[in-house]
Amino acid sequence: MSRLASLWLALCLLLPSAWAQQLVAVPPLAGHVNDLAGMLEPDQRAKLEQVLTEYEQQTGSQIAILTVPKTEPEAIEQYSIRVAEAWKLGRKGVDDGVILLVAKDNPSSLRRLRIESGRGVQGVLTDAQSKRILQDVIAPHFRQNHYYEGMVAGVSAIAALLNQESLPAAAQQHGNAPQDVGGAWWPLVLFFVFVLMSMFRRRGGRLGRGGWGSGATGFILGNVLGSMMSHRGGGGFGGGGGFGGGGFSGGGGTFDGGGASGDW
């Protein structure tokens, strides 16, 4: 082999390694809310964490938020699937995990919003529905730098759709006595009512384009809360995928690239 050919071969072998070193690392899963871009105040992050924790305990489904400064040079779709493969949100065999990813400083060409949905929830959280949530529910808030309101509205709309799917009830934690679903959920009811109603008042009763305006309050609250109480509440708190005891982790769920990307 000539010297030139040997050099070319060496370069070809080094290029994939150099590209991989440029990619933004996937952070460890530290909770339901992973705000690496610093878009939330500590109390806002804590409230969202509590709501999503209780949602997992009641339904078994895992919804997580990840904000990063950027995914560049990688498009948000490629980065999101790497996150999904590393975190494995959702229950094994049920595949009911969802990731809301925000890349705050990405160029518009690489997109800044992404919903990555597990295989088991794509029947209700379709690509079209995910796109609609990004464009009509989250983006209007983000354009006004109201990141907390946008994330609350977004995960509420995601949960509303997940609760239309006939998923297995959450497994009851060993040693926990069954609890009344209505009683267990009253703090979450108050949280959604307070936050969402305040958002609608500030925006004159409209959340965004395409029919997610004044009727969105009833849609989100009615579906998230009523549907959970009717057929997914089960009896008591469950373990979801991997919450409880030693911290939070994914439950072994799988993803195949379903979801949608957007911008604001």
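Numbers here are sequence positions counted from 1.
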Practice problem: Test side chain to side chain contact (heavy atoms under 4.5 Å, CB included) on Val152 and Val51 and set out the steps. | Solution: CA-CA 10 Å; Val152 169; Val51 167; over 6 Å; no

Quiz item: Would Ile65 and Asp35 satisfy side chain to side chain contact (heavy atoms under 4.5 Å, CB included), going step by step from the backbone distance to the final call?
Solution: CA-CA 8 Å; Ile65 297 171; Asp35 183 26; over 6 Å; no

Exercise. Give the intermediate values and the outcome of side chain to side chain contact (heavy atoms under 4.5 Å, CB included) for residues Ile63 and Leu89.
Key: CA-CA 8 Å; Ile63 301 173; Leu89 290 181; over 6 Å; no

Self-check item: Verdict with supporting geometry, Phe142 and Met151, side chain to side chain contact (heavy atoms under 4.5 Å, CB included)
Solution: CA-CA 9 Å; Phe142 276 32; Met151 292 181 200; 4.1 Å; yes

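Trp87 places a side-chain N or O within 3.5 Å of a backbone atom of Pro27 that can act as its donor or acceptor partner. Here the side chain of Ser130 pairs a donor or acceptor atom with the backbone of Thr126 at under 3.5 angstrom. Between the Arg82 side chain and the Val24 main chain, a donor and an acceptor come within less than 3.5 Å of each other. Within the 3.5 Å criterion, the main-chain N or O of Pro168 finds a donor-acceptor partner in the side chain of Arg91. Side-chain atoms of Asp95 never come within 3.5 Å of backbone atoms of Lys92 as a donor-acceptor pair (strictly under, hydrogens ignored). A donor-acceptor pair under 3.5 Å links the side-chain atoms of Gln62 to the main chain of Ser249, judged by distance alone. In this structure, Asp105 contributes its side chain and Lys70 its backbone to no donor-acceptor pair below 3.5 Å.
In this structure, Gln44 CD and Met39 CE are separated by 11.0 Å, a value rounded to the nearest 0.5 Å. Of the inter-residue distances, the one linking Ile158 atom CD1 with Tyr55 atom OH reads 9.5 Å to the nearest 0.5 angstrom. Note: Arg45 CZ to His32 NE2 = 15.0 Å, rounded to the nearest 0.5 Å. Distance check, rounded to the nearest 0.5 Å: CG of Leu52 to OG of Ser61 gives 11.5 Å. Remark: Arg111 CZ to Ser80 OG distance equals 14.5 Å, nearest 0.5 Å. Here the straight-line distance linking atom CG of Leu36 with atom NZ of Lys104 works out to 13.5 Å at 0.5 Å rounding.
In this structure, Trp264 and Val102 have side chains that are in contact, with non-hydrogen atoms separated by less than 4.5 Å. Proximity of Leu167 to Thr59: side-chain heavy atoms (C-beta onward) are nowhere separated by under 4.5 Å. When side chains are defined from C-beta on, Val68 does not count as touching Asn34, because their heavy atoms never get closer than 4.5 Å.
Nearest approach of Ala84 to Glu116, heavy atoms of both residues: CB-CG, 4.1 Å. Heavy-atom minimum distance, Ser117 versus Gly259: OG-N, 3.8 Å. The heavy-atom pair separating Gln164 from Ala160 by the smallest distance is CG-O, 3.6 Å. Smallest separation of non-hydrogen atoms from Asp96 and Gly90: OD1-CA, 3.4 Å. Considering all non-hydrogen atoms of both residues, Gly60 and Ala170 come closest at N-CB, 3.5 Å.
Under the 6.0 Å cut-off for aromatic ring centres, His141 and Tyr147 do not qualify, their centroids lying 6.0 Å or more apart.
A side-chain donor from one of Asp256 and Gln122 sits under 3.5 Å from a side-chain acceptor of the other. Remark: the Glu54 side chain and the Gln50 side chain contain an N/O donor-acceptor pair separated by less than 3.5 Å.
Checked options Asp263, Thr71, Thr67; the residue passing with Arg112 is Asp263 (criterion: side chain to side chain donor-acceptor pair (under 3.5 Å)). Tested against Ser261 for a side chain to side chain contact (heavy atoms under 4.5 Å, CB included), the candidates Leu113, Leu110, Ile76, Ile115 yield a single pass: Ile76.
Linking Ile, Leu, Val, Met, Phe, Trp and Tyr whenever their side-chain heavy atoms come within less than 4.5 Å puts Leu134 and Tyr148 in one cluster. Grouping the Ile, Leu, Val, Met, Phe, Trp and Tyr side chains by contacts below 4.5 angstrom, directly or via other members, places Phe248 with Val26.
Lys47 has no carboxylate O lying under 4.0 Å from a charged side-chain N of Glu49, or vice versa, which leaves the two without a salt bridge.
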